Amino acid sequence: MNPRALTEPATDARLIDALAEIVGHTHVLTDPELIEGYTRDWTGRWIGDAIAVIRPGNTSEVSAVLRACFDAGVPVTPQGGNTGLVGGGIASTGSVVLSTRRLETIEAVDPIGRTIAAGAGVTVARADLAASAHGLRFGIDLASKESATLGGIVATNAGGTRMVRYGNTRAQILGIEAVLADGSVLSRWTPLVKDNVGYDIPGLLAGSEGTLAVITKVLMKLVTPATDTQVVLAGVRDVDQALLLCNRVRQSGLTVEAAEIMTDDGISLVCAHTDARRPFGTPSPMYTLIEVSSPRETEESLLEVLSDSADLIEDATVEPGPARKLWTLRESHTESISASSTTPVVKLDISVPLSVMGMFIDNLRESLAQRFPLVRPILFGHFADGNIHVNLLDAEPRVAHELTDMVFRLVAAHHGSISAEHGIGRAKSPWISLGRTETDIAAMQLIKSSWDPRGILNPGILLPEKVG
Ligand code: 2HG
Ligand code: ZN
């Protein structure tokens, strides 16, 4: 059933009154100026529309809000820190945005079980800080960690710079509390690493992008922080050299904590927009940043690998892990790119098998030069996971669809994925059939319609619209 078919302005006004009764008037925002920060994403590419933003303060309020929206047939867009890049938290017309930011209680850090139990609105940075107080770390690290929330990273199954070491967000979840479309509260809350009773509900909700339930609380694993880390930035000819170097580092017994690739164009943008300086006198076509740790002398082991890898490296510099000078070159990419594009950046987070990554990059550059000569590509990302962030600058908004289509078809031709870590959201749902078979999509639609029979949860996100 189309949820909006049930509603009209009078219904909306009654619903907003009912929601204000539940969460309190100060937590219902309808003023266009106040809701702007919730209805557009920070890239400026995704702009939505909402009848109101609702900010519940606990699970019972989330439950009552959903029950009221379910009864009224009004769609709900769950939203965490609004740091997503694919429009997954951007409301469709006539929706209510349900912000989870007030669910910000850290309930417990268990240093023996190595877990954290926290509300969906707790930021990644706060979770990490709470873990650090017990000598542990949060396993997910992202440039947007000061705003990205735990509910948001679970809903999008975020990856980030430590994925090569600890896996994605799905790999960190032990328990979850979530509110279903009709307001019922589902709690799969067990601190057990081994628990094989039935379907993996937390795993299913990871990456569900707010289409199945609203996540209210999570129980997540914590990790032991690496000590004595070292970071190398090496200039290389191409991504294949970087992959060989990364393998050589692994073969030496060092643990790879992070592995990133950047291009000379990307480094130039960062140096133009920040205080960062070019790493070497002579530029290289690409640069790889690899962070390593080791149970024995990390620095000596790394220097040994580097001196044996003169065939792969054009230039290299090493610094101890906590000094963030080299990381700045990588972490400033997103903001420097946004600042230097004349149009909203088309951001595609693809992955391809490592064996064809070099070929994919060459083919991509060639196709872009032929079909979109005015578009500037900046490529970077977590290459050891197969993930390249394809950022396309100066693309006229009217060509964004065609441009995306070209890149995604190339990705599919190289047996890659159209979403390595940011999710499908609004940006990529037209292309989901490039990543999944018809039967697979039908199975996902069956799950969606049984969890959300009235289709009120984040319509238009992830799956092509037809559900209900
Ligand atoms: C990162 O790796 C994020 O920094 C953002 O996933 C990537 O800006 C981007 O395209
Ligand atoms: Zn990334």
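We use all heavy atoms of the structure for the numbers below, so side chains are in, but hydrogens, waters and symmetry mates are not. One-based numbering, in listed order, for ligands and for the atoms of each. Bear in mind that the values here come from a model prediction, so they are computed numbers and not experimental data. Residue numbers start at 1 and run along the sequence shown.
Other residues, nucleotides and ligands contribute over 12 non-hydrogen atoms within 6.0 Å of the CD atom of Glu107.
Not one N, O or S atom of His422 sits under 2.8 Å from the Zn ion (ligand 2). Checking Glu421 against the Zn ion (ligand 2), an N/O/S atom falls under the 2.8 Å cut-off.
In His389, the N, O or S atom that comes nearest to the Zn ion (ligand 2) is NE2.
Formation of a donor-acceptor pair under 3.5 Å by the Ser309 side chain with backbone atoms of Leu245 is not found in this model. Side-chain N or O atoms of Asp385 include none that pairs as donor or acceptor with a backbone N or O of Asn387 at under 3.5 Å. The backbone N or O of Ala171 sits less than 3.5 Å from a side-chain atom of Lys221, completing a donor-acceptor pair. Using a distance-only test at 3.5 Å, with no hydrogens or angles considered, a donor-acceptor pair links the side chain of Asp349 to the main chain of Ala420. Listed for the Thr404 side chain is a donor-acceptor partner under 3.5 Å among the backbone atoms of Ala400.
For ligand 1, the protein residues placed under 4.0 Å by at least one non-hydrogen atom are Leu85, Arg330, Thr334, Lys347, Phe380, His382, His389, Asn391, Glu421, His422.
Close placement of the His422 and His389 rings is indicated, their centers lying within 6.0 Å of each other.
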